[in-house]
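A short worksheet on the structure shown next.
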2 protein chains.
Amino acid sequence: MVTTPNESSDIVYSVDCPTRDVMDQISNKWVTLIMIALADEPKRFRRLMRQVQGISQKMLTQTLRGLERDGLVNRAVLPTSPIQVEYSLTTLGRSLYVPLVELRTWSEKNIEAITAARADFGR
Amino acid sequence: MVTTPNESSDIVYSVDCPTRDVMDQISNKWVTLIMIALADEPKRFRRLMRQVQGISQKMLTQTLRGLERDGLVNRAVLPTSPIQVEYSLTTLGRSLYVPLVELRTWSEKNIEAITAARADFGR
DNA sequence: CAGAATCCTCTACGATACTG
DNA sequence: CAGTATCGTAGAGGATTCTG
């Protein structure tokens, strides 16, 4: 985490911090879902699209490209006709899967507390 | 995680899954930064704004409201003049901090691999 | 100091149509 | 099947101004 000092000696999370750039990428609505879906086993485009409900073809393509670009996902074109494309997690991707799934576990575990807090809020 | 079966017996991440709703909230560009900033110690609005560089007053207010609403952050109005408002993590918030910081740790640890992958991509 | 309100811009994203 | 290309729109979010 790249930081710069400020008057009160707080750590400042710089705008141009590369870590923040990475965090922005993976703090994405679809990234977590796709990564988790791919963790089970390699999957083809259509199957992913069915599994990650509500994602558009455009967003799935776009998000997968980003993940491929960052070395998190592997894209393999199968020499069939018509073409099939299989996506899988890379080693790096599998290492990211660990904290991602912990985040999901936290969500599942605390969904009730959050729902309760929301109900309480504004009364 | 609320799921529905599909033809190929894949787990489907439903659109209306409450867990997904929570995941969407915390998969937010600012949430992680704010949560981590508050983990050190309770902080006031101005100080948070300085620390989380690049956030606008509007977004900081908005994000803090969301976190407060979800029971992750506590908002305390100090009886000073002019008013001061101190934000701190709730117990629930501190429990979320754990996986969040792991995500940041992962980012810091793997920023180099990602940068390398990006450089490689498209060649 | 900590915000609420307003306006305005820009881009993320969906919908649709087309291709190797 | 797995995309690319184009267009159109809603909403996220910045800048600015005002207040208890």
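Every heavy atom of this structure was used, including side-chain atoms; hydrogens, water molecules and symmetry mates were not. Only a predicted model underlies this, so the values are computations on that prediction, with no experimental measurement involved.
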Could you give the [atom1]-to-[atom2] distance, from [X] to [N], as a whole number of Å?
X       : N      : atom1 : atom2 : result
A:Arg50 : D:dA2  : CZ    : C1'   : 13 Å
B:Asn28 : D:dA12 : CG    : C1'   : 11 Å
A:Arg44 : D:dG3  : CZ    : C1'   : 14 Å
B:Leu48 : C:dG3  : CG    : P     : 10 Å
B:Lys29 : D:dG13 : NZ    : C1'   : 10 Å

Nearest to side-chain heavy atoms of B:Ser56, which nucleotide of C:dC1, D:dG3, D:dG14: D:dG14
Donor-acceptor contacts, no H, no angles, side chain residues 23-31 of chain B, under 3.5 Å, sequence neighbours left out:
from    : atom 1 : to      : atom 2 : distance (Å)
B:Ser27 : OG     : B:Met23 : O      : 2.9
B:Asn28 : OD1    : B:Trp30 : N      : 2.6
B:Asn28 : OD1    : B:Val31 : N      : 3.4

N/O contacts under 3.5 Å, protein versus nucleotides 17-20 of chain C?
none

Under-4.0 Å side-chain N/O to phosphate OP1/OP2 contact, B:Tyr87 with C:dC1: no
Estimated bend of the helix from C:dC1-D:dG20 to C:dG20-D:dC1 (axis per five terminal pairs, rounded to 10 degrees): 50°
Name the atoms and distances for all side-chain donor-acceptor pairs under 3.5 Å in residues 32-41 of chain A, with sequence neighbours left out.
from    : atom 1 : to      : atom 2 : distance (Å)
A:Asp40 : OD2    : A:Lys43 : NZ     : 3.3
A:Glu41 : OE2    : A:Arg47 : NH2    : 2.7

Common cluster, B:Leu100/A:Ile11, ILVMFWY with side-chain heavy-atom separation under 4.5 Å: yes
Same apolar cluster: B:Leu48 and B:Ile83, side chain cutoff 4.5 Å: yes
Toward the 5' end of DNA chain C, by each residue's nearest nucleotide, B:Gln84 or A:Ile55: B:Gln84
Nearest-0.5 Å distance that lies between atom CZ in B:Phe45 and atom CZ in B:Arg75: 9.5 Å
Measure the shortest side-chain to side-chain distance between [X] and [Y] over non-hydrogen atoms and say whether it is less than 4.5 angstrom.
X       : Y        : answer
B:Val22 : A:Asn110 : no
A:Arg50 : B:Val12  : no
A:Thr19 : A:Tyr13  : no
B:Asp21 : B:Asp16  : no

Polar side-chain atom of B:Glu86 near backbone of B:Ala76 as donor-acceptor pair, under 3.5 Å: no
Within residues 58-78 of chain A: residues closer than 4.0 Å to DNA chain C (heavy atoms): A:Lys58, A:Met59
With a cut-off of 3.5 Å and sequence neighbours excluded, list every side-chain donor-acceptor pair involving residues 62-73 of chain B.
from    : atom 1 : to       : atom 2 : distance (Å)
B:Thr63 : OG1    : B:Met59  : O      : 2.6
B:Asp70 : OD1    : A:Arg118 : NE     : 2.6
B:Asp70 : OD1    : A:Arg118 : NH2    : 3.4
B:Asp70 : OD2    : A:Arg118 : NH2    : 3.2

